Participant: 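Can you read through this structure? Questions will come right after.
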Amino acid sequence: MTRTGSGGKIKNVRSYELNSAQEEAVRWCDGHQLVLAGAGSGKTRVLAAKIAYLVEKLHVPPWKILAVTFTNKAAREMLDRVKGMAGDDLHGMSVSTFHSWGLRFLQYNRESMKALGFPPNFVVFDRGDCRNLAKKTVREIGGDIKTHVELLEDISAAYAGCDPLTLEPDLDGEPLRVYRKYRDNLKSQGAIDFDDLMILPLHILTTRETILKDTQNRLEWILVDEYQDVNTPQYRLLKLLSGHSGRVMAVGDPDQSIYGWRGADINLIMNFESDFAGARVFILEQNYRSTGSILTAANYVIRNNSGRREKNLWTSSGDGAPVKVARFKNDIGESEFIADEIERLVSGSGAKSYDYKDICILYRMNALSRGYEQSLLERGIPYRIVRGTSFYERKEIKDVLAMMRLAVNPRDETSLERVANIPARGLGKKAVADLAARLREVGDSPHAWSELGKNPPLKGRASSGVSELSGMMSGIIGEDSLAGAVNYILYNCGYDLYLREAFPDDWEDRIENVQEIASIAPSGSIAETLSEVAIYTDQDAFDGYGSHVNLLTLHAAKGLEFPVVFIAGMEEDIFPSAKALNAGNSIEEERRLCYVGMTRARERLFMSGAIRRRLFGKEMMSRFSRFVRELPDTVTIDDRPRGGDYDVFRGGNRRNWRW
């Protein structure tokens with residue numbers, strides 16, 4: 001019986017449909033705990049069941065529970081699971097991403113933000129806006145524009161390790177000058193960036209004892225999903241929030257730690273017991289996703305990493321089809337093989353017929369997709385490339401979001417520069433710069449736009465342009481819903497006409513894209529919606545499985561699964577990458593990435609490579625990837641007769657392979 005409201009029957013933990021290892025992890029509530037959950041082992045079910053158990057059996061108030069993960073998609077799925085187990089009476093419980101929690105914390109503590117020099121209506125710059133601001137900052141101090149992206153990454157890494165008290169990173173020379181100027185530019189525009197969503201809460205909690213105690217007293221349990229992806233600031237937050245009496249349940253898999261380049265620190269999950277005294281470890285090894293053949297192959301590969309926590313995935317569903325490996329004389333042969341195989345799988349000439357949506361092609365770098373696309377196009381096989389936040393990177397989407405952001409925060413110079421002349425208003429660079437300077441002075445006033453409209457700070461044609469822009473901004477603010485603001489921009493401000501004239505071939509699609517913005521959040525203020533949009537992640541961008549083959553990088557595939565998976569480009573210097581081969585223990589993260597790719601497959605897994613490949617305008621010769629060489633003898637080589645440049649192997653015994 002499902003519990004509804006505050007009444008009803010309390011479920012026994014067995015009714016959550018858990019296996020014995022999962023049930024043990026859910027029942028144990030005597031302290032901190034680490035659940036090592038292998039790929040496909042039901043970690044989301046365990047997290048949801050734990051929350052339901054805490055609420056139903058131990059009567060922990062929902063508002064004293066915080067559950068954090070890394071994507072909005074995962075947070076929504078977890079909340080839906082909890083409601084399915086415990087009912088809807090979960091008032092005050094927080095299930096969110098780390099960054100969404102950080103945003104809400106900063107919005108709740110606006111007085112502390114004001115003391116740091118930020119306006120009440122501060123905005124969050126997305127990564128694209130931050131890159132543009134970094135480029136502008138480098139230009140202002142006379143630095144090398146070509147290196148601004150790398151410099152921003154270095155600064156971000158240093159900022160993540162800064163002292164929460166001083167907010168000063170361990171930098172000197174030009175990087176320190178760029179950092180300080182970049183921070184000043186952000187603050188002058190009333191903006192924060194992605195890193196601030198962790199660092200600023202840390203600073204406030206570290207420097208405001210009352211806020212720290214109040215926040216700690218409101219939390220009894222903190223549950224963390226994907227703990228292997230936690231970085232240093234997130235770890236520091238968990239330690240602060242849990243305090244002396246809060247309990248942490250971390251669920252993760254060191255074998256799936258693949259984001260070291262983004263700051264994730266695998267040592268944090270490896271050292272969990274020493275960081276959280278008295279912690280107990282639980283291991284989930286039964287897999288509910290993949291066949292036995294796929295799991296055996298994945299286990300063989302990952303066991304070559306040193307110092308890992310021993311864990312072997314298994315399934316009760318049988319071995320299924322063997323993993324197939326093929327190598328070709330060149331990349332053209334590999335691409336044709338994949339297209340052939342897809343046609344065979346979809347036609348039903350094999351044991352089972354698949355839809356295009358059931359199939360994905362994974363590769364280590366985006367540049368590899370060209371050859372696979374070409375073969376799919378030649379066969380008329382529908383496909384799409386999954387590239388992260390594509391919807392929010394479209395020009396029309398960024399334009400409209402920038403308009404709304406500027407309306408809410410007049411100090412946002414980055415948005416002003418983007419939309420000042422959309423549609424054209426005769427505002428040149430100097431006029432925009434002068435207007436930005438004026439807005440920095442009056443931008444915190446709730447009537448800034450209406451006052452500027454009445455008394456434009458510029459003269460001549462620019463004056464009328466400022467009045468027009470001010471009227472547009474005032475109109476956006478006057479709308480009481482996101483849908484109203486979108487329609488106002490489209491049809492009252494002439495943006496629909498602008499799209500018709502600027503993009504005659506696809507203006508209708510672009511208008512539909514803009515209208516889709518209204519679906520982001522059916523309720524809530526424009527300002528709240530804009531802040532949420534800025535922190536959407538790569539995984540949130542995967543919006544379903546239309547009837548087409550999916551092409552995506554191995555990193556983008558984390559959290560997804562498909563009945564059929566092709567991992568292509570299995571060659572030394574490509575996968576593992578040349579950079580990893582030259583960077584010591586980076587090879588272990590590459591192996592974990594291979595393990596993640598393999599465990600995305602539910603029923604069929606193909607791995608392929610080529611001896612010769614044309615890449616970046618050059619032909620390169622490669623050995624087969626070491627990860628293929630680590631596979632067990634149970635894999636088979638595709639040896640069907642074919643002409644041209646297809647595979648050079650004959651016979652299914654691994655010992656006969658030519659490397």
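Keep in mind the model is a prediction, meaning the values are calculated, not measured.
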Participant: Angle between ring planes, His555 versus Trp261, binned at 30° and 60°: parallel, tilted or perpendicular?
Facilitator: perpendicular
Participant: Show your working on salt bridge (Lys or Arg N to Asp or Glu O under 4.0 Å) between Glu226 and Lys43 and close with a plain yes or no.
Facilitator: CA-CA 9 Å; Glu226 305 287 7; Lys43 67 179 179 62; 3.2 Å; yes
Participant: What's the spacing between Glu413 CD and Leu439 CG if we round to 0.5 Å?
Facilitator: 9.0 Å
Participant: Using a 3.5 Å distance criterion without hydrogens, assess whether the side chain of Asp275 forms a donor-acceptor pair with backbone atoms of Phe272.
Facilitator: no
Participant: For the atom pair OG1 (Thr206) and CD1 (Ile204), what is the distance rounded to the nearest 0.5 Å?
Facilitator: 10.0 Å
Participant: Apply side-chain contact (heavy atoms from CB on, under 4.5 Å) to the pair Arg405 and Ile526, showing each step before the final yes or no.
Facilitator: CA-CA 8 Å; Arg405 207 168 62 188; Ile526 295 174; over 6 Å; no
Participant: Within a strict 4.5 Å, meaning less than it, do heavy atoms of the Arg208 and Ser112 side chains meet?
Facilitator: yes
Participant: Verify, without hydrogens or angle tests, whether Arg262 (side chain) and Tyr259 (backbone) share a donor-acceptor contact under 3.5 angstrom.
Facilitator: no
Participant: Leu452 vs Arg438, test: side-chain contact (heavy atoms from CB on, under 4.5 Å). Steps then yes/no.
Facilitator: CA-CA 9 Å; Leu452 278 178; Arg438 179 61 177 154; 3.8 Å; yes
Participant: Tell me, with the steps shown, if Arg218 and Asp214 meet salt bridge (Lys or Arg N to Asp or Glu O under 4.0 Å).
Facilitator: CA-CA 6 Å; Arg218 285 189 284 113; Asp214 179 62; 3.4 Å; yes
Participant: If we count only N and O atoms by modelled type, under 3.5 Å, do the side chains of Glu140 and Asn185 hold a donor and an acceptor together?
Facilitator: yes
Participant: With a cut-off of 6.0 Å (strictly less than), are more than 12 heavy atoms of other residues, nucleotides or ligands near CG of Asn217?
Facilitator: yes
Participant: Under 4.5 Å between any side-chain heavy atoms of Asp126 and Lys398, yes or no?
Facilitator: yes
Participant: With rounding to the nearest 0.5 angstrom, report the CG to NZ distance, Leu176 to Lys181.
Facilitator: 14.0 Å
Participant: Ser94 and Arg104: side-chain donor and acceptor closer than 3.5 Å?
Facilitator: yes
Participant: Please report the interatomic distance CG(Leu406) to CD1(Ile476), rounded to the nearest 0.5 Å.
Facilitator: 8.0 Å
Participant: Give a yes or no on whether Asp30 atom CG has more than 12 heavy-atom contacts from other residues, nucleotides or ligands under 6.0 Å away.
Facilitator: yes
Participant: A side-chain contact here means heavy atoms from C-beta on lying under 4.5 Å apart; do Trp101 and Leu106 qualify?
Facilitator: no
Participant: Determine, stepwise, if the pair Ile222 / Met249 fulfils side-chain contact (heavy atoms from CB on, under 4.5 Å).
Facilitator: CA-CA 6 Å; Ile222 304 174; Met249 176 186 184; over 6 Å; no
Participant: Give a yes-or-no answer on whether the side chains of Gln33 and Lys50 include a donor-acceptor pair shorter than 3.5 Å.
Facilitator: yes
Participant: Closest approach of Ala48 and Arg81, non-hydrogen atoms and distance?
Facilitator: CB-CB, 3.4 Å
Participant: Answer whether the closest heavy-atom distance between the side chains of Val82 and Leu47 falls below 4.5 Å.
Facilitator: no
Participant: Could you check whether Asp253 and Tyr227, counting side-chain N and O atoms only, form a donor-acceptor pair closer than 3.5 Å?
Facilitator: no
Participant: Looking at His32 and Val248, would you say the former's side chain and the latter's main chain have a donor-acceptor pair under 3.5 Å?
Facilitator: yes
Participant: Roughly how far, to the nearest 0.5 Å, is CG of Asn267 from OG1 of Thr232?
Facilitator: 9.5 Å
Participant: Do Arg183 and Tyr159 form a cation-pi contact, if we require the NZ or CZ to be under 6.0 Å from the six-membered ring centre and within 45 degrees of the ring's axis?
Facilitator: yes
Participant: Taking the side chain from Ser242 and the backbone from Lys239, do they hold a donor-acceptor pair closer than 3.5 Å?
Facilitator: yes
Participant: Apply side chain to side chain donor-acceptor pair (under 3.5 Å) to Asp129 and Thr414, showing your working.
Facilitator: CA-CA 7 Å; Asp129 293 323; Thr414 299; 5.9 Å; no
Participant: On a heavy-atom basis, which atom in Pro61 and which in Glu220 lie closest, and how many Å separate them?
Facilitator: CD-OE2, 4.4 Å
Participant: Is a side-chain donor or acceptor of Thr207 paired with a backbone partner of His203 at a separation under 3.5 angstrom?
Facilitator: yes
Participant: Does the pair Glu273/Arg309 count as a salt bridge with the N-to-O cut at 4.0 Å?
Facilitator: yes
Participant: Quick test of your reading of the model: are Asp184 and Arg180 salt-bridged, counting only N-O distances below 4.0 Å?
Facilitator: no
Participant: Please confirm whether the backbone N or O of Val442 pairs with a side-chain atom of Ser445, one donor and one acceptor, at under 3.5 Å?
Facilitator: no
Participant: Quick one about Arg411 and Ser188 (side-chain donor to acceptor, distance below 3.5 Å, no hydrogens or angles considered), yes or no?
Facilitator: no
Participant: Step by step, would you call Met403 with Arg418 a side-chain contact (heavy atoms from CB on, under 4.5 Å)?
Facilitator: CA-CA 9 Å; Met403 291 176 194; Arg418 182 181 186 92; over 6 Å; no
Participant: Relative to each other, are the rings of Phe122 and Phe118 parallel, tilted or perpendicular (30° and 60° limits)?
Facilitator: perpendicular
Participant: Do Glu589 and Arg592 sit within salt-bridge range, that is, some charged N less than 4.0 Å from a carboxylate O?
Facilitator: yes
Participant: Is the shortest heavy-atom distance from the side chain of Ile51 to the side chain of Trp221 under 4.5 Å?
Facilitator: no
Participant: Show the nearest heavy-atom pair for residues Asn231 and Gly263, with the distance to one decimal.
Facilitator: CB-O, 3.2 Å
Participant: Looking at Lys395 and Asp399, is any side-chain nitrogen of the basic one under 4.0 Å from a carboxylate oxygen of the acidic one?
Facilitator: yes
Participant: Do any N or O atoms from the side chain of Ser274 and from the backbone of Asn271 form a donor-acceptor pair under 3.5 angstrom?
Facilitator: yes
Participant: Is it true that a side-chain atom of Arg247 and a backbone atom of Cys29 form a donor plus acceptor pair closer than 3.5 Å?
Facilitator: yes
Participant: Are Ile477 and Val408 packed together at the side-chain level, in the sense that at least one heavy-atom pair is separated by less than 4.5 angstrom?
Facilitator: no
Participant: Can you label the angle between the Phe70 ring and the Phe98 ring as parallel, tilted or perpendicular, going by 30° and 60°?
Facilitator: tilted
Participant: Taking all non-hydrogen atoms of both residues into account, name the closest pair between Ile192 and Met113 and its distance.
Facilitator: CG2-CE, 4.1 Å
Participant: As an exercise, state the distance from CG of Asn109 to CG of Leu205, rounded to the nearest 0.5 Å.
Facilitator: 8.0 Å
Participant: Between Tyr488 and Leu490, is there a side-chain heavy-atom distance shorter than 4.5 Å?
Facilitator: no
Participant: Checking side chain to side chain donor-acceptor pair (under 3.5 Å) for the pair Ser156/Asp195: CA distance, chi angles, key distance, verdict?
Facilitator: CA-CA 7 Å; Ser156 177; Asp195 295 327; 2.6 Å; yes
Participant: Using a distance-only test with no angle check, is there a side-chain donor-acceptor pair under 3.5 angstrom linking Asp265 and Tyr235?
Facilitator: no
Participant: Can you name the closest pair of heavy atoms from Asn421 and Leu427 and give their distance?
Facilitator: ND2-O, 2.6 Å
Participant: Between Glu77 and Lys73, does at least one N-O distance fall below 4.0 Å, as a salt bridge requires?
Facilitator: no
Participant: Quick check: closest heavy atoms across Lys187 and Leu116, and the distance to 0.1 Å?
Facilitator: NZ-O, 2.8 Å
Participant: Compare all side-chain heavy atoms of Cys493 with those of Met472 and state whether any distance is below 4.5 angstrom.
Facilitator: yes
